Amino acid sequence: MSVDDAAQCRQIVRTHARTFWLASHFLPREKRRSAYALYAFCRVADDLVDLSASMSNGQIALRLGHYSRRLRDTLRGRPDGPVFRELLRAVRLHDIPAPVLHELLEGVASDCTPSRYVTWPELYRYCEGVASTVGEMCTCVFGVIGGEEERRRAVTHARVLGVAMQLTNILRDIGEDARSGRCYLPEEDLAAFGLSRDQVRRGVRPTDSRWRSLMTFEIARARSLYACAMPGIMLLAPDSQRCASACAMGYAGILDAIEEIGYDTFATRARLGFGARAAVAWNAWRTPVRRGDEHSSVLRPQTDVPKVTWA
């Protein structure tokens, strides 16, 4: 585990994660290094699928299987390469559970088969595998004030936030996914608005009232998930709350960007401009941080995580 290993993970984040790169600067140095290791591990796994267009699903599955074996070797104390060496350091430092790391790889592996989700609960489970896992890992790195009950609640909120962020990714990347022959939107939702998977994969006119109504519905669903997840930020360690806030606000802002381009995520990839990212950083910085005893007084009335509706 060297400075060079850490630098490689840092570069992966800087290259691929605009929102997280910005938010990570609110973290103290050691937590930031661990967060970069987690992102790099997840990003490399994701790229094994997304950057393998010329390979068959079987070939991609073999590559993911090799990556999974490298993870198992890492967890046994035999890391191979900079990313896995940094990952082992983070796992040991923050007690990140091995099952959640394997759950992420299982979620990524599901993209090796044609993506078809009939219902929202089915898509929700997919989002849990590829994104709720990341929320749980980050909670381990960020730390939680309180005992096991507070940690359980924080993890549950973080997993909901992961679903919100993955749904945001899906809505942002509809055109990119369609060009790869994928459509992640639930078939029940599409049918409710008079559309089909094939129509989406061929491309729907963004001015089509059916498409606009569908996107309005899905964006509202994503925003409700963010609202359910946000109370969990106050359960995190004070030195991590602003990072989590910036991540959540930055990703939620992509929904605004989708609306601003008239829901045309076929031709345009909605993203936050420099001014919007600066506003996210400023708003995260001025968000009050909850400390120590404040958690018990502010959060005691909320004994359960808000229930997420499936409709």
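Since the structure is predicted, the reported quantities are computational estimates derived from the model, not experimental observations. Residue numbers start at 1 and run along the sequence shown.
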Side chains of V134 and L104: does their closest heavy-atom pair fall under 4.5 Å?
-> yes

Output yes when R221 and D189 qualify as a salt bridge under the 4.0 Å nitrogen-oxygen rule, no when they do not.
-> yes

Do we see a donor-acceptor contact under 3.5 Å between the side chains of Y251 and T19?
-> no

Closest non-hydrogen atom pair, G194 against Q199 = O-OE1, 3.9 Å

Is the shortest heavy-atom distance from the side chain of V155 to the side chain of E150 under 4.5 Å?
-> no

Under 3.5 Å, which donor-acceptor pairs link side chains of residues 279-286 to any protein atom two or more places apart or in another chain?
{"unit_1": "N283", "atom_1": "OD1", "unit_2": "R286", "atom_2": "NE", "d": "3.0"}
{"unit_1": "N283", "atom_1": "OD1", "unit_2": "R286", "atom_2": "NH2", "d": "3.1"}
{"unit_1": "N283", "atom_1": "ND2", "unit_2": "A279", "atom_2": "O", "d": "3.2"}

To the nearest 0.5 angstrom, please state how far the CZ atom of R151 sits from the OG1 atom of T156.
-> 9.5 Å

Has the side chain of T268 got a donor or acceptor atom that lies under 3.5 Å from a matching backbone atom of T265?
-> no

May I have the step-by-step check of salt bridge (Lys or Arg N to Asp or Glu O under 4.0 Å) for R43 and D46, ending in yes or no?
-> CA-CA 5 Å; R43 179 73 197 198; D46 198 48; 5.3 Å; no

Residue pairs, two or more places apart or on separate chains, that pass salt bridge (charged side-chain N to carboxylate O under 4.0 Å, His left out) and touch residues 246-258 = R223-D256

Ion pair E106/R125, N-O distance below 4.0 Å = no

Applying side-chain contact (heavy atoms from CB on, under 4.5 Å), run through L62 and H66 and close with a yes or a no.
-> CA-CA 6 Å; L62 286 174; H66 176 63; over 6 Å; no

Joint hydrophobic cluster, L255 plus L167, side-chain heavy atoms closer than 4.5 Å | yes

Sub-4.5 Å side-chain heavy-atom contact between L161 and L225 = no

Heavy-atom closest pair (R32 atom, S24 atom, distance to 0.1 Å) is NE-O, 3.3 Å

Look at the side chain of S68 and the backbone N and O of L64, then say whether any donor-acceptor pair between them is shorter than 3.5 Å.
-> no

Check: S132/E136 side-chain N/O donor and acceptor closer than 3.5 Å | no

If only atom types and distance count, is the side chain of S34 paired as donor or acceptor with the main-chain N or O of A90 below 3.5 Å?
-> no

Report yes if the distance between the aromatic ring centroids of Y124 and Y117 is under 6.0 Å, otherwise no.
-> no

Test item: H157 side-chain N/O and P231 main-chain N/O as donor-acceptor pair under 3.5 Å = no

4.5 Å side-chain heavy-atom contact, C9 and V83 | yes

Got a donor-acceptor contact below 3.5 angstrom from the T133 side chain to the G129 backbone?
-> yes

Compute whether any side-chain donor of one residue and acceptor of the other, for D111 and Y126, lie under 3.5 angstrom apart.
-> yes

Indicate, with yes or no, if the rings of Y67 and F41 have centres closer together than 6.0 Å.
-> yes

Given the rule that I, L, V, M, F, W and Y join up when any side-chain heavy atoms are under 4.5 Å apart, are L27 and V91 in one cluster?
-> yes

Ion pair check, D73 and R76, cut-off under 4.0 Å = yes

Can you check whether E86 reaches R33 side chain to side chain, under 4.5 Å on heavy atoms?
-> yes

Would you check if T119 and P186 make a side-chain contact, meaning some heavy-atom pair closer than 4.5 Å?
-> no

Any chain of hydrophobic side-chain contacts (each under 4.5 Å) joining L214 to I174?
-> yes

I145 and A237 have their tightest heavy-atom pair at CG1-CA, 4.1 Å

Check whether any side-chain N or O of R172 sits under 3.5 Å from a backbone N or O of A270 as a donor-acceptor pair, and report yes or no.
-> no

Closest approach of A45 and V108, non-hydrogen atoms and distance?
-> O-CG1, 3.5 Å

Per ring-ring contact (aromatic ring centres under 6.0 Å, His included), F217 is matched among W211, F193, Y263 by F193

Is a side-chain donor or acceptor of Q8 paired with a backbone partner of D5 at a separation under 3.5 angstrom?
-> no

Given the rule in the side-chain hydrogen bond (donor to acceptor under 3.5 Å, both in side chains) test, do Q11 and T15 qualify, once you have shown the distances and angles that lead to the verdict?
-> CA-CA 6 Å; Q11 187 58 41; T15 302; 3.1 Å; yes

Same cluster for M215 and L190 if Ile/Leu/Val/Met/Phe/Trp/Tyr side chains link at under 4.5 Å?
-> yes

To the nearest 0.5 Å, atom CZ of R116 lies from atom CZ of R197 at 6.0 Å

If you measure from CZ on R271 to CZ on R277, what distance do you get to the nearest 0.5 Å?
-> 9.0 Å

Nearest heavy-atom neighbours spanning L235 and A154 = CD1-N, 3.7 Å

Main-chain N/O of V118 paired with E122 side-chain donor or acceptor, under 3.5 Å | yes

Is it possible for you to say whether V13 and L93 belong to one hydrophobic cluster, with membership spreading through side-chain heavy-atom contacts below 4.5 Å?
-> no

Mind checking whether Y39 and W21 have ring centres under 6.0 Å apart?
-> no

Say you draw a straight line from CZ of R69 to CG of L71; how long is it, rounded to the nearest 0.5 Å?
-> 12.0 Å

Go through the steps for L87 and L101 under the test side-chain contact (heavy atoms from CB on, under 4.5 Å), then give the verdict.
-> CA-CA 10 Å; L87 178 66; L101 296 165; 4.2 Å; yes

Atom CD1 in I96, atom CG in L38: separation rounded to 0.5 Å?
-> 4.5 Å

Report the C-alpha distance between I170 and L123 in whole Å, list the side-chain angles of each, state the deciding distance to 0.1 Å, and finish with yes or no for side-chain contact (heavy atoms from CB on, under 4.5 Å).
-> CA-CA 10 Å; I170 289 169; L123 180 59; 3.9 Å; yes

Applying side chain to side chain donor-acceptor pair (under 3.5 Å) between D208 and each of R210, R212, R205, report the one that passes.
-> R210

Do I12 and Y36 pass the side-chain contact (heavy atoms from CB on, under 4.5 Å) test, and can you show the C-alpha distance, the side-chain angles, and the key distance before you say yes or no?
-> CA-CA 8 Å; I12 291 173; Y36 288 170; over 6 Å; no

Taking C-beta and beyond as the side chain, do V100 and R159 meet within less than 4.5 Å on heavy atoms?
-> yes

Hey, does the side chain of Q59 reach the backbone of S56 with a donor-acceptor pair shorter than 3.5 angstrom?
-> yes

Quick one: do E149 and R152 make a salt bridge, cutoff under 4.0 Å?
-> yes

For F20 and C247 the tightest heavy-atom approach is CD1-SG, 3.7 Å

Atom CZ of R63 and atom CG of D47: how far apart are they, to the nearest 0.5 Å?
-> 9.5 Å

Does any N or O in the side chain of Q166 come within less than 3.5 Å of the main-chain N or O of V163, such that one atom is a donor and the other an acceptor?
-> no

